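Contents: one structure, followed by commentary.
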Amino acid sequence: MFLLQLVIMVLFAAAAGVALVLQAQNATMQEARNLSFAVAETFAHAPGTLDAMKSENPSALLQPRAEEARKEAGVDYVVAFDPQGFRWTHPDPKLIGKHIFALREGEAIDRPFTQTFEGSLGLSVDSTVPVYDTGGKTIVGFVAVGITVDTVNDVVRDQLPKLLGFAAGALAVAAGGAALISWRLRRQTHGLDPSEMTRMYEHHDAVLHAVREGVLIIGGDGRLLLANDEARRLLDLPADAEQRRVTDLGLEAETAELLVSGRAATDEVHLAGDHLLAVNIRPVDHHGGRHGRVATLRDTTELRALAGRADVARERLRLLYEAGVRIGTTLDVVHTAEELAQVAVPRFADVATVDLQDPVLQGEEPAGPGPEMRRAAVHGMEGAWPLFPVGELIRFVPSNPVAVGVERGHAVLDADLTASHDWRAQDPERTRRILDCGLHSLITVPLQARGVVLGMVTFWRAEQAAFEEEDRAFAEELAARAAVAIDNARRYTREHALAVTLQRSLLPRSLPEQSAVEVAHRYLPARAGVGGDWFDVIPLPGARVALVVGDVVGHGLHAAATMGRLRTAVRTFSTLDLSADELIRHLDELVTRVDSEGSDGEGITGATCLYAIYDPVAGLCSLARSGHPGPALVHPDGTVEQLQVPVSPPLGLGGGLPFEKAEFTLSEGSRLVLYTDGLIEDRNRDIDTGLAMLHDALTGPGLTPDETCRAVLDALLPARPSDDIALLVARSRLLDPSQVADWDVPGDPAVVAGIRADAARRLEEWGLEELAFSTELVISELVTNAIRYGAAPIRLRLLRDRSSLICEVADGSSTSPHLRRAAATDEGGRGLFLVAQFTQRWGTRYMPRGKVIWTEQSLHSTATEPDADTTDALLDQWGDADW
């Protein structure tokens, strides 16, 4: 580009130089003509010229004057000659008198003229002026003044260096300007050559008009400088829009104001006819001047519609996600139905109702779809909605959308309730009030799980637009998710009911009557479901009582069933009248055996138990535990002591190690508190804190066992128990010494009669004469057997309980008698048979040294004393020697 510009500048400079030279030459020639003409006129009309020409010797007069004029004027010659063409004067005297050739060459001789011709001095510019006489009619002579062309050329040659210098300067300035322009152009175009510039321009021009965005270039004065085809289409611009003011183009007022405001804008939405345009404006001047700006327009009409649908879809997905999180937070059928209604309002519907079949509410699976359902939940925006209330049993008519949905198993859309005669048939009066309150559209969807219709959910709209077909799919998806949660809650309700029923059947329904302790208890299941905590109160022979508290790890049917097995085992072992440590050992062996024989992976390992035996005669309490928290003892003065019972592993984890027991003497009125770990442990507190709180709650005298239970639960019960809680409080009693009679028995059978007589007198003192005969018979049999088959020491004890008479014979032997049916030929073997006939219960209790044979007779039974015939028949079988 620069070389091309340089060549052009050189050519222009050369042409300018030639033109200047030619112009200078022409100007010099013209100046020579003017000068020669002026000198000729001056000399011709000079005073004395006419007289000299009329004189006798014109040459003598005119030659000096002509030479003087030539030199003064700076011309090459001044020649005067006569009308015939003979010279009077000449710079070369030799040519004076010579004739001038080609004088006129077609010019008139009666007026001055200038011509160029080849004369005696060479090619010259010659001006000839005639000289008239005084009358002006006769030509006396001529004056010719000339300047040679060589002289003119000399003048031009003298000016030529200046002309060339000027041309060179102009060329240099032009070349420098071209170089500067070329440099700046290359810098601004990043070195692109003209072809590339042309291609880029064509490309940009094509893109400008082919792009799907409108482009406007607006000047600082608010005039439209450029608009591409898309901008013309979007704004409906007239054909002559360019160079007109933007405010005169008929645009919307807000859009026109934004385009001429000069401020930057990013995706501002403006209405232009039927189009929603996103307008972006940026100033052209990077320094913040108002020299112009560029605006781009993007049609967002379809995008807005798609974005609106995308927003709706995104909102629906978010609602489905929230439904998965919010529905089914509890395993309660009604609460789950309420959560479904709450999720749908107000983001999908203005009101939502949930109707469930009655068996579902009870945890049962419905026999089949039916039109009769019970309203389980109603939730809506603020206002009174005249819908069926919660709890009401509704029988939907066959044409009702709910009944249709149940029958078909699919959602039913009723977009316009005002025109729905089938819906109005349910209850015309109620439907009229529903329409009056603004409800105008509904979708009812079956709640199906595993192919079973559990109920129906109905979505209503009042403020929102009517439901459309695309809303049906979303309603079905929402109902499907909720149906799974409702079915899970239903199944849990059923299992929970079964577990509760099982647990209640396994726990004591009522505590047995006994005189050893006054008992109160509490059992609180965890929110997670039925657990394995349990307690029991078991009367033992000798007016004693066993207090039991246990815990099975886990919840549900398995835990409840395991608890029942353990409670049954404890009751079974207690009939053997075992000591506390022996019973725990047997229970541990049972759990170990069950765990080893189990094949389903659900063993009993992890269960704990605390077993206590209280004897009200001596006030002695014997305790043993297996992995269970130790009991607390509240003394009569209100002080609390944590009893230190030897710790053993949980049941099934003892590994054959021996269990130890601890014995404590309780004062009358002491409160023994047995509990499970759910009472003192919680996720928000540790066991030490729980024990401290328990002691604080127990501290204080004068509380009954029931009041103690209430105080403990008020202080320690968590807001949301995570584990079952079993609490058993027993206040100790002591038998009055007057209710106890005992004798040491020598090893002589002859003393039996005297002991019988002493016992009869004591019974008479107690007012139990009606039991004298049977008691004497029992004492005779047991004492005689102890003397014959037992070992010393032998001791007889009678206990008068409030409901029974207890007879105990202890000896130092470990052999135990057993009941059998004697043959007709046997001499003995009938004694224990008689004991069993005349007593309510009997049994054997082993001690560290020896055993105790005991019997119980009810104080309130009328069958205790046999009639006379029976007595005689029985006594006939023994002689006096047998006693």
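Please read these numbers as outputs of a predicted model, since none were measured by experiment.
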Query raised in the report: Do Arg685 and Leu716 come within less than 4.5 Å of each other through their side chains, counting heavy atoms only?
Result: yes
Query raised in the report: Pro636 and Pro701: which non-hydrogen atoms are nearest, and at how many Å?
Result: O-CB, 3.5 Å
Requested in this report: For side-chain hydrogen bond (donor to acceptor under 3.5 Å, both in side chains), just list the numbers for Asp736 and Ser738, CA-CA rounded to whole Å, side-chain angles, deciding distance to a tenth of an Å, and then say yes or no.
Outcome: CA-CA 5 Å; Asp736 190 273; Ser738 62; 2.5 Å; yes
Requested in this report: Determine, stepwise, if the pair Leu796 / Asp742 fulfils side-chain contact (heavy atoms from CB on, under 4.5 Å).
Outcome: CA-CA 5 Å; Leu796 169 65; Asp742 55 358; over 6 Å; no
Query raised in the report: Could you give the distance from OG (Ser622) to CZ (Phe664), rounded to the nearest 0.5 Å?
Result: 9.5 Å
Query raised in the report: Can you check whether Cys621's main-chain N or O pairs, donor with acceptor, with Glu663's side chain at less than 3.5 Å?
Result: no
Report task. Say whether, by atom type as modelled, one donor and one acceptor occur between the side chain of Thr839 and the main chain of Glu856 under 3.5 angstrom. Result -> no
**Report entry** Residues Glu589 and Arg593 bridged, charged N to O under 4.0 Å
**Finding:** no
Query raised in the report: If you measure from CD1 on Ile755 to CD on Glu776, what distance do you get to the nearest 0.5 Å?
Result: 12.5 Å
Requested in this report: Indicate yes or no for a side-chain donor-acceptor contact from Gln514 to the backbone of Val517 under 3.5 Å, with no hydrogens or angles considered.
Outcome: yes
Query - Student check: side-chain heavy atoms of Val519 and Pro705 closer than 4.5 Å - result: no
Report task. Let me know which of Leu610, Leu547, Val549 forms a side-chain contact (heavy atoms from CB on, under 4.5 Å) with Pro631. Result -> Leu610
Requested in this report: Examine distances only and state if a side-chain atom of Ser804 and a backbone atom of Asp801 form a donor-acceptor pair shorter than 3.5 Å.
Outcome: no
**Report entry** Salt bridge present between Asp536 and Arg567 (N-O < 4.0 angstrom)
**Finding:** yes
Query - Pair Thr775-Gln857, side-chain donor/acceptor within less than 3.5 Å - result: yes
**Report entry** Full working for side-chain contact (heavy atoms from CB on, under 4.5 Å) between Leu728 and Val537
**Finding:** CA-CA 9 Å; Leu728 184 64; Val537 177; 4.1 Å; yes
Query raised in the report: Does the side chain of Gln739 come within less than 4.5 Å of Leu799's, by heavy atoms?
Result: no
Query raised in the report: Between atom CH2 of Trp854 and atom CG of Asp577, what is the distance when rounded to the nearest 0.5 Å?
Result: 7.0 Å
**Report entry** Passing candidate, side-chain contact (heavy atoms from CB on, under 4.5 Å) with Asp677, options Ile725, Thr608, Ile687, Asp723
**Finding:** Asp723
Requested in this report: State plainly whether the residues Glu764 and Arg762 are in salt-bridge range, i.e. N to O under 4.0 Å.
Outcome: no
Query raised in the report: Is Thr572 reaching over with its side chain to a backbone N or O of Thr568, donor-acceptor style, under 3.5 angstrom?
Result: yes
Report task. Mark yes or no for whether His628, through its side chain, and Tyr675, through its backbone, hold a donor-acceptor pair below 3.5 Å. Result -> yes
Report summary line: Closest heavy-atom pair, Ser515 versus Arg733, reported as atoms and distance to 0.1 Å, is O-CD, 3.3 Å
Query raised in the report: Thr676 and Asp533: side-chain donor and acceptor closer than 3.5 Å?
Result: yes
Query raised in the report: Of all heavy-atom pairs between Cys807 and Val778, which one has the smallest distance, and what is that distance?
Result: SG-CG1, 4.4 Å
Query raised in the report: Are any side-chain N or O atoms of Ser626 and backbone N or O atoms of Pro649, one a donor and one an acceptor, separated by less than 3.5 Å?
Result: yes
Report task. Give, for atom CD1 of Ile584 and atom SG of Cys609, the distance between the pair rounded to the nearest 0.5 Å. Result -> 4.0 Å
Report task. May I ask you to say whether Arg845 pairs ionically with Glu808, meaning some side-chain N is under 4.0 Å from a carboxylate O? Result -> yes
Query - Rounded distance (nearest 0.5 Å) linking atom CG of Leu777 with atom CD of Gln837 - result: 11.0 Å
Query raised in the report: Is the His586 ring parallel, tilted or perpendicular to the Phe573 ring (thresholds 30°, 60°)?
Result: tilted
Query raised in the report: Hey, is the main chain of Pro541 close enough, under 3.5 Å, to the side chain of Arg544 for a donor-acceptor pair?
Result: yes
Query raised in the report: Do Val745 and Arg795 come close enough that some side-chain heavy atom pair is under 4.5 Å?
Result: no
**Report entry** Side-chain donor-acceptor pair present, Ser780, Arg756, cut-off under 3.5 Å
**Finding:** yes
Query raised in the report: Would you say the side chains of Thr639 and Asp637 form a donor-acceptor pair under 3.5 Å?
Result: yes
Query raised in the report: Do Pro749 and Thr784 come close enough that some side-chain heavy atom pair is under 4.5 Å?
Result: no
Requested in this report: Report the C-alpha separation of Phe659 and Asp588 in whole Å, then their side-chain angles, then the decisive distance to 0.1 Å, and conclude whether the side-chain contact (heavy atoms from CB on, under 4.5 Å) test is met.
Outcome: CA-CA 10 Å; Phe659 291 87; Asp588 178 74; 3.7 Å; yes
Query raised in the report: How close do Gly532 and Asp724 get, heavy atom to heavy atom, and via which atoms?
Result: N-OD2, 3.5 Å
Query - CG-CG distance between Leu674 and Leu727, expressed to the nearest 0.5 angstrom - result: 9.0 Å
**Report entry** Salt bridge flag under 4.0 Å for residues Asp706 and Arg522
**Finding:** yes
Report task. Just do the side-chain contact (heavy atoms from CB on, under 4.5 Å) check on Leu798 and Trp743 with the steps written out, would you? Result -> CA-CA 9 Å; Leu798 292 180; Trp743 295 269; 3.9 Å; yes
Query raised in the report: Just by distance, do the side chain of Thr704 and the backbone of Glu707 share a donor-acceptor pair under 3.5 Å?
Result: yes
Query raised in the report: Heavy atoms, side chains only, cut-off 4.5 Å: are Val852 and Val809 in contact?
Result: no
Query raised in the report: Heavy atoms, side chains only, cut-off 4.5 Å: are Leu805 and Trp766 in contact?
Result: yes
Query raised in the report: Do Asp696 and Thr699 have side-chain N/O donor and acceptor atoms under 3.5 Å apart?
Result: no
Query raised in the report: Side chains of Trp534 and Val570: does their closest heavy-atom pair fall under 4.5 Å?
Result: yes
Query raised in the report: Does the Tyr614 side chain pair with the main chain of Leu666, one donor and one acceptor, at a distance under 3.5 Å?
Result: no
Report task. Measure across Ala632 and Val640 and return the closest heavy-atom pair with its distance rounded to 0.1 Å. Result -> CB-CG1, 4.4 Å
